[in-house]
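Excluded from the calculations below are hydrogen atoms, water molecules and symmetry mates; all remaining heavy atoms, backbone and side chain alike, are included. Read the numbers this way: they start at 1 and go in the same order the structure lists the ligands and their atoms. Residues: numbered from 1 along the sequence shown.
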Amino acid sequence: LLARHPRLPLLVGDTPVQAMLRLSDRLGGPCLYVKRDDLTDIGGGGSKLRKLEYLVGAAHAQGADTLIALGALQSNHARLSAAVAVRAGMACEILLSRRVPRTDEDYEQNGNMLLDGLFGARVQVYAGDADLMALAKARADVLRGEGRRPYIIPFGGSSALGSLGYARAADEIARQSAQMDTPFHHVVLANGSAGTQAGLLAGFHFIGDAPKVTAYSVLAPAATQAPLTAQLAQATLDLMQPGQTLSPASVHVDDSQLGPGYGLPTEAMREAVRLAASTEALLLDPVYTGKAFAGLLHDIRTGRFRADENVLFLATGGLPGLFAYRREFTAASA
Ligand SMILES: Cc1ncc(COP(=O)(O)O)c(C=O)c1O
């Protein structure tokens, strides 16, 4: 169902699924596993590479020579777009907004910002309320005027085309589950621009006895994010096989971990990051996986995930964010 869409292979093989034995033990169940999509092969790794396989595949097919990516100042997606451009022999321009109200030196210059520069991307920074897509289109016009062939990557890589990367990942998870002889009852992840969850839902649609997918929103209230995710999952399904209908009941978005908003730390996130690091040496990030893991911990402690179930946490990356949010984790804030 995916084969007719051009794909630039960026991952080498399946990402590992690991048991989190110490943490499962500490919490008294369920059996926790982690899928290490943070261990993908390019540019520091992360989930966005799966979406970029299809997006850059399309860009290539159209003869593009320049990628344009958008995001917040510490965008993992923009950083990985810049890295992929290097590997694909393309130029990359990044348009970033100050949507997170942080101006400390680590946030402005470390983490993903440092890496964007190393990958040689042209980085432009705008105000928090800037319309980045309008700015990207204007910039693409200028580039075309200079004889270049730009390709604008949608926000977070979350178009139906980008989400195909996670439909493919759903198949990978089902295969690994069979190989391990371990049924995953739940897959748990962060929802930002919705493409990861949407892709998984589209992929699992074709798989019998698929896990229930639960995502913790880090960007917007569930009332906004759930219908958006359902729509995107349906559009992804339409790209795979027209005529299929995604059940809206399969879309579970929980906004209990959003806190004061996107990119703004919560105490539960700090506890989750510390617990994952100190029990499993698993490095989460402050913006996405830290909040999703906080939701998982909360729902284990309150019995939403049962002790006899197998739960797979999707580690989507974002490690550079830890360095951008250094002061959240220094001794003084412990
Ligand atoms: C590390 C990390 N995890 C999760 C997500 C969320 O994925 P999506 O935007 O597809 O919901 C992102 C998106 O930027 C991310 O960078």
Considering the heavy atoms of K51, write down every atom of ligand 1 situated less than 4.0 Å from one of them. 8 (P), 9 (O), 10 (O)
Proximal atoms of ligand 1 relative to K48 (non-hydrogen, under 4.0 Å): 7 (O), 8 (P), 9 (O), 10 (O), 12 (C), 13 (C), 14 (O), 15 (C), 16 (O)
Using side-chain contact (heavy atoms from CB on, under 4.5 Å), reason through F206 and Q241 one step at a time and then give a plain yes or no. CA-CA 10 Å; F206 295 100; Q241 194 177 88; 4.0 Å; yes
Heavy atom under 4.0 Å from ligand 1: found in Q197's side chain, backbone, both, or neither? neither
Side chains of Y288 and Y262, donor plus acceptor under 3.5 Å: yes
Examine T316 against ligand 1 and note whether any of their N/O atoms are separated by less than 3.5 Å. yes
With atoms numbered from 1 as shown, which atoms in ligand 1 lie under 4.0 angstrom from a non-hydrogen atom of T196? 7 (O), 8 (P), 10 (O)
Heavy-atom contacts with G318 under 4.0 Å: which atoms of ligand 1 show up? List them by number with element. 1 (C)
Test salt bridge (charged side-chain N to carboxylate O under 4.0 Å, His left out) applied to R326 and D106, step by step: CA-CA 7 Å; R326 179 181 62 97; D106 290 319; 3.0 Å; yes
Short N or O distance, H77 and ligand 1, threshold 3.5 Å exclusive: no
Chi angles and distances behind the salt bridge (charged side-chain N to carboxylate O under 4.0 Å, His left out) call for R327, D104: CA-CA 9 Å; R327 58 179 196 172; D104 57 286; 3.7 Å; yes
Any idea which part of A215 is under 4.0 Å from ligand 1, heavy-atom wise: side chain, backbone, both or neither? neither
For ligand 1, which is the ligand I care about here, please tell me if G317 has any N or O atom under 3.5 Å from one of the ligand's N or O atoms. no
What's the shortest distance from atom 11 (O) of ligand 1 to any protein heavy atom, and which residue and atom give it? G192 N, 2.7 Å
Under 4.0 Å from any heavy atom of S158, which atoms of ligand 1 are there? 10 (O)
Under-4.0 Å salt bridge between E328 and R102: yes
Report the C-alpha separation of D254 and R304 in whole Å, then their side-chain angles, then the decisive distance to 0.1 Å, and conclude whether the salt bridge (charged side-chain N to carboxylate O under 4.0 Å, His left out) test is met. CA-CA 12 Å; D254 178 318; R304 184 165 150 198; 3.0 Å; yes
Under a 4.0 Å N-O cut-off, is there an ion pair linking R168 with D171? no
Would Y33 and F313 satisfy ring pair (Phe, Tyr, Trp, His ring centres under 6.0 Å), going step by step from the backbone distance to the final call? CA-CA 6 Å; Y33 295 82; F313 180 76; over 10 Å; no
Going by heavy-atom distance to atom 9 (O) of ligand 1, choose the closest among A194, S193, S75. S193
Relative to Y126, does R98 satisfy both conditions: NZ or CZ under 6.0 angstrom from the six-membered ring centre, and within 45 degrees of the ring's axis? no
Counting from 1, what ligand 1 atoms have a heavy atom of N76 closer than 4.0 Å? 1 (C), 15 (C), 16 (O)
What I want to know is whether D285 and ligand 1 share at least one N or O pair that is separated by under 3.5 angstrom. no
Would you check, one step at a time, whether the test side-chain contact (heavy atoms from CB on, under 4.5 Å) holds for K35 with Q176? CA-CA 10 Å; K35 179 147 176 78; Q176 288 175 309; 2.8 Å; yes
Among all protein non-hydrogen atoms, which one is nearest to atom 5 (C) of ligand 1, and what is the separation to 0.1 Å? Y288 CD2, 3.4 Å
Can you find an N/O atom of G195 closer than 3.5 Å to an N/O atom of ligand 1? yes
